[in-house]
Number of protein chains: 2
Amino acid sequence: MVTTSHHAPDIFGAISHPARRRMLDLLIDTDRSVNMIAGQFEMSRPAVSQHLRILLDAGLVTEQRHGRERRYRLVAARLAPVRDWLTHYERFWDHHLMQLQQHLAKDNRK
Amino acid sequence: MVTTSHHAPDIFGAISHPARRRMLDLLIDTDRSVNMIAGQFEMSRPAVSQHLRILLDAGLVTEQRHGRERRYRLVAARLAPVRDWLTHYERFWDHHLMQLQQHLAKDNRK
DNA sequence: TTGACTCGTAAGCATTGCCTTACGTATATT
DNA sequence: AATATACGTAAGGCAATGCTTACGAGTCAA
């Protein structure tokens, strides 16, 4: 079973805490159980659970139950609002993405 | 005189509040005084000042005094930590872009 | 110099955030 | 059936956040 949340998806709030960003980072490679994640942090396991709940509410992770474990999986697409917001600022510093944009625009013209 | 802050630069925390993101957005075009910014928000002017202070502490804006005004200027380069963090997730974007490209390619074939 | 304007800061207050420990529930193991 | 494991949730403490109103300092204009 896969559970997603129906709460207010405050993406920016969710990634504002360093621990939660690290948790997302951990999930880049692979799904992980709560204990696997909690092992990387100083805080108590319930605290980790609460952080994961916030990530779940933001839709940044999904939860799937395997026996008595719950494995969390990254939903990177949910970071799109952050990326999209940043694109407003691209022209100030970015040559990379400008080049990419031009590249894609050129591709579309083909 | 240009003032920058010497406090802990919590970029992610600074952009976690919608009002502060909107303030940054307003500064994309041009520098603005506090009143110009406050005019765009429901909250009191001191509240706006406090938000600007947080942006200043994060280094996301600078402040320069012109007569009795203080004009705030965007420092977009300070968003680099956000952009850099997002790059860890780039390969997921690429995957999406590839899907998009495939989707578009399919449309073109129709 | 008097008064208006721009703005930051202080103080107070309600709400939220983040942590802890204690406990409950579901699943697996013996 | 009894116990261990994995995990969420409740409750509570305490700091941080986010707002308000009141006030004060600096600047401009009459």
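Chain identifiers are assigned alphabetically (A, B, ...) following the order of the sequence lines, protein sequences preceding nucleic acid strands; residue numbering begins at 1 within each chain.
- Ion pairing between a basic and an acidic side chain is recognised when a charged N comes within 4.0 Å of a carboxylate O; Asp57(A) and Arg53(A) show such pairing.
- Residue contacts for Arg71(A): at a heavy-atom cut-off of 4.0 Å it reaches no nucleic acid atom on any strand shown.
- Among the heavy atoms of the strands, none lies under 4.0 Å from Phe41(B).
- Candidate nucleotides dC18(C), dG18(D), dT9(D) were compared by shortest atom distance to the side chain of Arg20(B), and dG18(D) ranks first.
- Contact check for Leu60(B) versus Ile15(B): side-chain heavy atoms found under the 4.5 Å cut-off.
- Although no hydrogens or angles enter the test, the distance criterion places no donor-acceptor pair under 3.5 Å between the side chain of Arg22(A) and the main chain of His17(A).
- As a whole-Å value, the separation of His66(B) NE2 from dT27(D) P is 14 Å.
- Asp57(B) places its CG atom 14 Å from the C1' atom of dT9(C), with the value rounded to the nearest Å.
- In this structure, CG of Leu55(B) is placed 13 Å from P of dT17(D), rounded to the nearest angstrom.
- Asp31(B) pairs in a side-chain hydrogen bond (donor to acceptor under 3.5 Å, both in side chains) with only one of the listed residues (Arg70(B), Arg73(B), Arg71(B)), which is Arg73(B).
- Residue His51(A) contributes atom NE2, which lies 8 Å from atom C1' of dC19(C) at whole-angstrom precision.
- Nearest to the side chain of Arg68(A), among dT20(D), dT6(C), dT5(D), sits dT5(D).
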